[in-house]
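To keep things clear, I will list the structure first and then write my remarks on it.
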Amino acid sequence: MLKKITFLLCLTTTGFTACTNKKNSCDASQMCTEEFRSISVRFQDKAGSTVAVKDIVVTNLRTNTAIVAKGVIDPGFSPDLHTIATDSNKSDFSAEGDNVKVTATSVADSKTATATLKISGGCNCHISKLSGPEIIVFE
């Protein structure tokens with residue numbers, strides 16, 4: 001009875017899509033919000049200036065597969081912010097989190113910078129950066 005009341009309360013306050021996780025192997029009673037999350041990084045030099053980059057490669061080190069951010073919405077206010085994953089990529093990551101290598105090449109001098117982040121997804125409601133930098137520095 002308590003489950004039914006909780007479910008009805010969820011339906012009336014947040015809408016059906018926020019109440020359930022539709023993956024068959026996931027906990028169907030998990031309650032999630034309807035927000036859409038993304039993980040982004042910036043590239044800078046040692047002095048803190050923005051570095052224009054090309055050839056950004058994001059690789060899940062557990063599966064050795066490339067990650068391409070899905071459903072990216074460009075807000076237009078920060079051209080130096082690079083989205084590397086979104087909630088649409090949840091299935092690309094384990095619920096416990098995977099190490100993800102991010103590499104980019106400087107447009108100016110063709111040097112590369114690399115960093116490792118840990119990102120979770122899977123049956124979680126949203127992706128989440130568990131560790132790693134928000135700013136990747138070219139040495």
Do V137 and K46 touch side chain to side chain, with heavy atoms closer than 4.5 Å? yes
Closest non-hydrogen atoms of A95 and C123, given as atom of the first, atom of the second and distance, are CB-N, 4.2 Å
So CZ of R37 and NZ of K129: to nearest 0.5 Å the spacing works out to 13.5 Å
In this structure, CD of E139 is separated from CG of D45 (nearest 0.5 Å) by 10.0 Å
For T50, the side-chain contact (heavy atoms from CB on, under 4.5 Å) test, sequence neighbours excluded, returns D80
Smallest heavy-atom separation, L130 atom then E96 atom, equals CD1-O, 3.5 Å
Taking every heavy atom of M31 against every heavy atom of C125, the minimum-distance pair comes out as O-SG, 3.6 Å
Sequence neighbours excluded, the answer for side chain to side chain donor-acceptor pair (under 3.5 Å) partners of S110 is none
Going by chain and number, the hydrophobic cluster around V100 (ILVMFWY, side chain to side chain under 4.5 Å) further includes I39, V41, F43, V51, V53, I56, V58, I67, I84, F93, V102, L117, I119, I127, I136, F138
Nearest heavy-atom approach of D92 to R62 is O-NH2, 4.2 Å
Contacts of S106 meeting side chain to side chain donor-acceptor pair (under 3.5 Å) (sequence neighbours excluded), chain-then-number -> D109
Rounded to the nearest 0.5 angstrom, the NZ-OG1 distance for K111 and T105 is 12.5 Å
Residue set satisfying side-chain contact (heavy atoms from CB on, under 4.5 Å) with T83, at least two apart, ordered chain then number -> S38, S40, A69, V72, T86
Polar side chain donor-acceptor pair, T114 to T103, under 3.5 angstrom: yes
### Query
Does N124 use its side chain to pair, donor to acceptor, with the backbone of G121 at less than 3.5 Å?
yes
The side chain to side chain donor-acceptor pair (under 3.5 Å) partners of T116 (sequence neighbours excluded) come to none
Rounding to 0.5 Å, atoms CG (L61) and NZ (K118) come to a distance of 11.5 Å
Smallest heavy-atom separation, H126 atom then E35 atom, equals CE1-O, 3.1 Å
